[in-house]
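Structure record follows, encoded as structure tokens.
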Amino acid sequence: MNFLSKHRFVIVGIILGAFAGFLYYSKVGCVSGTCAITSSPINSTLYGALLGYLFVGLFKKEEIKENEKN
């Protein structure tokens, strides 16, 4: 339970990114099937999850330990 509460924003970012990736596949997609990312719902969902993780990582503050301050 401690892991979930500690990483809740990252998990939410991954879930929202995956949903956005699948939504992009279903609404826009690739008609010809030659697009590397949007031709498959799995690729599009995983790519969206990765982007969600990276986007949330922009706002994460890193903790500075006492030994590393000097």
Side-chain angles (χ1 to χ4, degrees):
M1 191 65 178
N2 190 19
F3 178 81
L4 293 178
S5 64
K6 188 174 181 181
H7 300 291
R8 65 180 173 262
F9 293 116
V10 174
I11 294 170
V12 169
I14 290 171
I15 291 171
L16 289 177
F19 179 72
F22 184 78
L23 191 65
Y24 185 81
Y25 163 78
S26 65
K27 298 296 179 187
V28 177
C30 184
V31 178
S32 64
T34 59
C35 307
I37 295 173
T38 57
S39 64
S40 167
I42 294 172
N43 291 346
S44 182
T45 303
L46 290 176
Y47 188 73
L50 175 66
L51 290 179
Y53 171 75
L54 293 175
F55 183 74
V56 171
L58 290 173
F59 302 106
K60 184 179 179 185
K61 293 184 180 181
E62 292 188 24
E63 296 179 12
I64 300 174
K65 296 179 183 178
E66 288 294 324
N67 298 349
E68 298 176 359
K69 284 186 178 180
N70 296 327

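Partners of Thr34 by side-chain contact (heavy atoms from CB on, under 4.5 Å), not counting sequence neighbours, listed by chain and number: Ser32. Partners of Tyr53 according to the side-chain contact (heavy atoms from CB on, under 4.5 Å) rule, which considers only residues two or more places apart in sequence or in another chain, are Val10, Ile14. Applying the ring pair (Phe, Tyr, Trp, His ring centres under 6.0 Å) rule to Phe19 yields no partners; only residues at least two apart in sequence or on another chain are considered. Listed by chain and residue number, Ser40, Leu46 satisfy the side-chain contact (heavy atoms from CB on, under 4.5 Å) test with Ile42 (two or more places apart in sequence, or in another chain). With sequence neighbours excluded, no residue forms a side-chain contact (heavy atoms from CB on, under 4.5 Å) with Ala20.
Without hydrogens or angle criteria, Ser44 side chain to Gly21 main chain gives a donor-acceptor distance under 3.5 Å.
Other members of the cluster containing Ile37 are Tyr47, Leu51, with ILVMFWY side chains joined at under 4.5 Å, either directly or via other members.
Sorted by first and then second residue, the side chain to side chain donor-acceptor pair (under 3.5 Å) pairs with a member in residues 2-25 form an empty list; sequence neighbours excluded. Listed by first then second residue, pairs satisfying disulfide bond (SG atoms under 2.5 Å apart) with a partner in residues 2-33 read Cys30-Cys35, not counting sequence neighbours.
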_side-chain contact (heavy atoms from CB on, under 4.5 Å), that's the test. Do Leu54 and Leu58 meet it? Break it down for me._
CA-CA 7 Å; Leu54 293 175; Leu58 290 173; over 6 Å; no
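Side-chain contact between Val56 and Val12 is absent, with no heavy-atom pair separated by less than 4.5 Å.
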